[in-house]
Amino acid sequence: QVQLVESGGGLVQAGGSLRLSCAASGTIFSINVMGWYRQAPGKQRELVATIASGGTTNYADSVKGRFSISRDNAKNTVYLQMNSLKPEDTAVYSCNADVKISLLSVWSKYWGQGTQVTVSS
């Protein structure tokens, strides 16, 4: 079994910063892409950023220039540095990871429980 646990969410004033982290643990052979998603009340979940095992990143247009995704492969951890936060960034942020639990297993996507980020105006 694989677990992803997010941390770092909270309440911050507009213009402020937060850093989210997500650590994967359990039966892990390899992790490919890791990413961050968010879901605001009444809206569907949207992709925020992804990072491949080799370091290639991808960002939603709404966060480019403000957010930065990174990872520590030795710790099976992905981070999301969020700067210049806006009220519209308020959402539950969840991490996910494509994981192989053994050499011959398929890639499977796992999700964390989410962490609340609230940005006040």
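Values in this document were obtained by computation on a predicted structure and should not be read as measured data.
Residues satisfying the side chain to side chain donor-acceptor pair (under 3.5 Å) criterion with Gln113, sequence neighbours excluded, are Glu6. Residues passing the salt bridge (charged side-chain N to carboxylate O under 4.0 Å, His left out) test with Arg66, sequence neighbours excluded: Asp89. Residues satisfying the salt bridge (charged side-chain N to carboxylate O under 4.0 Å, His left out) test with Lys109, not counting sequence neighbours, are none.
Taking every heavy atom of both residues into account, Ser105 and Ser102 meet most closely at OG-O, 2.9 Å. Between Ser70 and Val78, the shortest heavy-atom contact is O-CG2, 3.2 Å.
Within 6.0 Å of the CD atom in Gln39, the count of heavy atoms belonging to other residues, nucleotides or ligands exceeds 12.
For residues 30-50, the ring pair (Phe, Tyr, Trp, His ring centres under 6.0 Å) pairs, not counting sequence neighbours, are Tyr37-Trp111. Counting only residues at least two apart or in different chains, ring pair (Phe, Tyr, Trp, His ring centres under 6.0 Å) contacts with residues 80-109 are absent. Among residues at least two apart or in separate chains, there is no salt bridge (charged side-chain N to carboxylate O under 4.0 Å, His left out) pair with a member in residues 70-86. Evaluation of the salt bridge (charged side-chain N to carboxylate O under 4.0 Å, His left out) test over residues 110-121, restricted to residues two or more places apart or in two chains, returns none.
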Side chains of residues 43-59: which donor-acceptor partners sit under 3.5 Å, not counting sequence neighbours?
unit_1, atom_1, unit_2, atom_2, d
Glu46, OE2, Arg38, NE, 2.8
Glu46, OE2, Arg38, NH2, 3.3
Tyr59, OH, Ile69, N, 2.9

Just distance, no hydrogens or angles: give the donor-acceptor pairs under 3.5 Å from side chains in residues 16-24, sequence neighbours left out.
unit_1, atom_1, unit_2, atom_2, d
Ser17, OG, Asn83, OD1, 2.9
Ser21, OG, Ser7, OG, 2.7

Please table the atom pairs, donor to acceptor, closer than 3.5 Å between any side-chain atom in residues 114-121 and protein atoms at least two apart or in another chain.
unit_1, atom_1, unit_2, atom_2, d
Thr115, OG1, Gly9, N, 3.3
Gln116, NE2, Ala91, O, 3.4
Gln116, NE2, Thr118, OG1, 3.3

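Tyr110 pairs in a side chain to side chain contact (heavy atoms under 4.5 Å, CB included) with only one of the listed residues (Ile31, Ile28, Asp98, Leu4), which is Leu4.
Taking CE from Met34 and OG1 from Thr77, the interatomic distance works out to 6.5 Å, rounded to the nearest 0.5 Å.
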